[in-house]
Amino acid sequence: MSWSDRYAMVFGAALAVALLGRPLVATVRGLATGVDPARLGAALALVMVAYAGCLALARLLGPVVLPAADAAWLVLSPLPRRSVLGRAVAALLVIAVAGGTVLGLAALSAFGAPDDLVLRLVAALVLGVGASAGGMAAAVLAQASGAWDSWLKVAITGIVLMAVLVAVLGGGVARQALTAVAGAPAGLAVSAAGLVAAGAAVLLRRAWAALDRIPARRILSSSVRSGRVISAAVILDPGALTWAAEDDHWRGRVPGSRRWPRFAVLGGWGRAVAPAWQEWRRARRRPGRLAALAGSAALPALAAQAAGGLSALSIGLLLGGALTAAVVFVTGARRDGDNPALARLLAVDGRALMAARALLPALTAGVWSSLALAGLAVAGVLPGGPWWPLGPALAPALAAAALRMAGRPPVDHAQPVIETPAGALPTGPVIWALTGVDLALLGCLPTLAALTDPAASPATSVVVQAVVGGGVLAAFLLRGGRRPAASGE
Amino acid sequence: MSEMIIAAYGVEVELGDTPVLRDVGLVAAAGEVVAVVGENGVGKSTLLRCLAGLRPPLRGRIEVLGGPPVDAAGFWERVALVADEPAWYPGLSVKEHLELMRAVHRDARLTVGEALDTFELRGRADLSPLTLSTGQRQRLSLAMALLRPSRLLLLDEPERGLDTAFRARLAAILRGYAGDGGTVVMATHDLRLATATGARLITLEAAS
């Protein structure tokens with residue numbers, strides 16, 4: 001590291017303190033309030049889900065990774081493994097401390113600080129950093145050993161299940177227990193934080209010892225995976241990421257073979273439904289993803305409970321989650337958009353195939369948003385009802401948006417860069433990111449309006465949403481014209 | 001006289017300002033195998049893309065099966081193309097890709113079992129195509145193209161990744177396809193494969 005690098009780092013840190021110091025202090029002082037029992041369970045569940053998500057991400061990405069050249073040369077050399085991995089481990093520690101700080105502050109905001117703010121703040125930070133560093137150490141151990149990997153998976157699942165329990169029971173029978181925990185003396189919080197820190201120290205020591213034993217192939221594969229992530233981020237091609245994850249999932253797996261249905265009863269439409277069946281079969285072969293999607297339908301309700309009512313975050317989670325539920329089931333359309341070789345061999349009319357491919361994303365988006373809306377109603381943030389019929393009404397628009405996203409070409413970096421007061425804005429990535437989202441926003445406007453100002457009976461909104469959603473999908477399919485499925489050229 | 005399947009005259013293509021094809025002609029009749037040969041970069045793949053309707057020529061006239069080639073479902077029902085980038089649907093096995101092809105096309109030329117045996121993929125039937133070697137993936141692409149019915153087969157370097165023994169088998173498969181009345185136009189660097197199929201050779205030379 002040169003002197004100019006050190007200067008830039010110190011200057012950046014000083015600038016960050018100058019800019020963020022005051023609002024941070026104000027935020028921390030704002031935490032010096034008692035706990036809101038109605039929000040406690042949901043807020044705590046959100047913190048736990050975030051922690052489980054971070055653990056899953058660390059496990060997915062490595063967490064010990066090296067630049068491609070270092071991974072290819074140094075890991076396979078006779079150099080001591082710890083010295084080769086030293087910088088990567090230091091980076092992980094910095095990430096763990098930063099993430100733990102945020103986690104601790106989030107936990108403190110959930111529990112509140114009725115007294116001894118400084119002591120509770122220290123306890124929360126120690127708790128957050130301890131949990132974060134311990135989790136990172138466990139992920140390193142999981143990278144080194146299959147047994148630890150299994151334990152980590154169990155732990156992540158356990159945390160998610162606990163979050164569900166806290167969310168469900170926190171508003172009812174467990175509310176008093178959680179309030180009692182929140183009201184425990186500050187000394188007890190410090191003791192708990194000390195225990196977590198001690199556990200983290202043990203895990204860190206074991207992880208440091210295990211660094212020498214991490215198999216080279218695991219570091220290499222993690223480094224390749226992370227390299228893809230970085231290169232996809234650098235060239236701003238996020239689509240490459242999802243393909244990398246999809247291919248990683250299927251590479252080396254034996255999906256097995258089942259007879260393909262003939263769909264002869266559908267007549268001419270059967271030819272279009274047959275290729276679309278690929279997505280149904282793939283969905284059935286990834287039950288874990290379906291379960292995760294179903295579980296995530298509780299997030300909008302949790303966010304609403306944590307905020308004490310319907311907020312922009314919970315509405316955003318509702319529409320974003322529903323769109324995600326559609327997007328993960330359009331891989332066939334994406335494949336044909338990226339490489340139409342197979343679509344040309346199938347020689348199926350593009351519009352009919354697109355219509356057949358809209359069925360599954362419409363179903364998943366409809367079911368997901370119905371569950372999420374029912375959750376919001378159960379959480380008591382929506383008046384009257386029933387609200388769940390908005391889900392099926394939203395589905396066609398979300399399916400159209402997902403198919404539009406599937407067909408978008410890679411980011412066009414030749415698009416102009418617009419200078420704004422906030423800095424340069426490259427329009428290529430912006431247009432890429434908005435393609436599909438634009439259709440989702442347009443098609444979901446009636447639902448957005450209904451949720452912004454909820455009426456006692458959403459029946460009118462449901463009808464309007466169904467008409468708009470169906471219209472958006474019909475227009476999307478008609479505008480696609482009679483292009484071949486192989487429209488990627 | 002055999003039915004004319006491809007008639008291309010005076011085809012010219014430029015990429016940027018660089019001429020790739022200049023005054024190229026190609027005719028192919030039903031039941032004929034045509035091999036387009038030449039050095040790297042002389043425009044073999046570009047010519048195939050023109051015949052497939054994927055690249056309109058700057059000048060010249062191309063007719064395929066009695067009309068201009070177009071990238072549309074109706075055209076692809078009669079024409080099968082195996083180009084340089086094979087594609088697979090995620091989550092499906094090798095056998096299911098063949099099943100899918102058979103489910104979409106009536107009057108398939110082969111059963112799935114016959115295709116697996118002919119292209120020596122029986123032992124890999126339940127695997128994802130991602131786990132196959134380059135040669136095995138090429139065999140799967142060829143199997144899908146030859147399982148479905150077609151009147152014209154456009155192949156861009158079909159020998160890519162194939163071992164010597166299977167190239168000889170491929171030559172027999174293509175001869176059989178032509179014997180059934182189909183037309184094959186392939187761009188290839190393998191003169192032995194071209195000869196074994198009984199192909200008429202068309203040698204392209206650099207346009208500039």
Side-chain angles (χ1 to χ4, degrees), chain A residues 242-243 245-264 270-286 331-336 338-353 481-489, chain B residues 49 52-56 70-106 112 116 121-122 124-132 140-150 153-154 156:
Chain A
T242 44
W243 273 136
E246 187 72 30
D247 286 352
D248 272 349
H249 178 83
W250 295 110
R251 190 173 285 116
R253 275 187 164 78
V254 182
S257 299
R258 299 189 63 200
R259 195 172 174 77
W260 209 264
R262 286 285 184 265
F263 298 107
R271 288 196 70 221
V273 175
W277 188 248
Q278 166 264 336
E279 207 69 66
W280 295 77
R281 192 156 278 187
R282 170 181 163 274
R284 190 178 161 182
R285 288 176 177 164
R286 299 201 70 173
T331 57
R334 279 194 62 201
R335 181 64 86 201
D336 288 346
D338 291 348
N339 183 350
L342 204 48
R344 290 189 183 118
L345 280 178
L346 290 169
V348 176
D349 175 71
R351 186 189 296 167
L353 180 54
R482 301 195 70 79
R483 284 182 306 178
S487 56
E489 290 295 327
Chain B
R49 290 177 67 77
L54 302 177
R55 175 173 288 285
V70 283
D71 185 14
F75 177 77
W76 295 117
E77 279 177 22
R78 297 175 295 162
V79 179
L81 168 70
V82 178
D84 52 350
E85 285 186 41
W88 324 110
Y89 288 132
L92 299 192
S93 68
V94 167
K95 187 178 178 185
E96 285 174 332
H97 277 87
L98 296 170
E99 289 262 8
L100 169 59
M101 207 52 69
R102 212 177 139 74
V104 171
H105 293 285
R106 276 181 293 180
V112 171
L116 287 171
L121 291 166
R122 177 72 69 180
R124 301 283 182 271
D126 291 335
L127 298 179
S128 163
L130 286 166
T131 63
L132 302 183
L140 176 56
S141 289
L142 291 166
M144 287 193 290
L146 280 146
L147 179 147
R148 50 154 287 182
S150 61
L153 197 54
L154 298 172
D156 191 358

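In what follows, chains carry the letters A, B, and so on, assigned in the order in which the sequence lines appear, proteins first and then strands, with residues in each chain numbered from 1.
Contacts with chain A were tallied for B/P90, B/A52, B/A103; B/P90 has the most, counting heavy-atom pairs under 4.5 Å. Your options are B/H105, B/K95, B/M144, B/R78, and the one with the most heavy-atom pairs under 4.5 Å with chain A is B/H105. Among A/P275, A/A274, A/S257, A/A347, the residue with the largest count of heavy-atom pairs under 4.5 Å with chain B is A/S257.
For B/A80, the parts lying near chain A are the backbone and the side chain together; criterion is any non-hydrogen pair under 4.5 Å. Proximity to chain B (any heavy atom under 4.5 Å) is shown, for A/R259, by both the backbone and the side chain. Proximity to chain B (any heavy atom under 4.5 Å) is shown, for A/R286, by neither the backbone nor the side chain.
With respect to A/R282 and A/E279, a salt bridge is recorded, a charged nitrogen being found less than 4.0 Å from a carboxylate O.
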Check: Which is it for A/R271 and B/E77 under the salt bridge (Lys or Arg N to Asp or Glu O under 4.0 Å) test, yes or no, and what are the steps along the way?
Finding: CA-CA 12 Å; A/R271 288 196 70 221; B/E77 279 177 22; 3.3 Å; yes

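In this structure, the salt bridge (charged side-chain N to carboxylate O under 4.0 Å, His left out) partners of A/R335, at least two apart in sequence or on a different chain, are A/D247. Among residues two or more places apart in sequence or in another chain, the side chain to side chain donor-acceptor pair (under 3.5 Å) test is passed with A/R285 by B/E96.
Within a 6.0 Å sphere centred on CZ of B/R122, heavy atoms belonging to other residues, nucleotides or ligands number more than 12.
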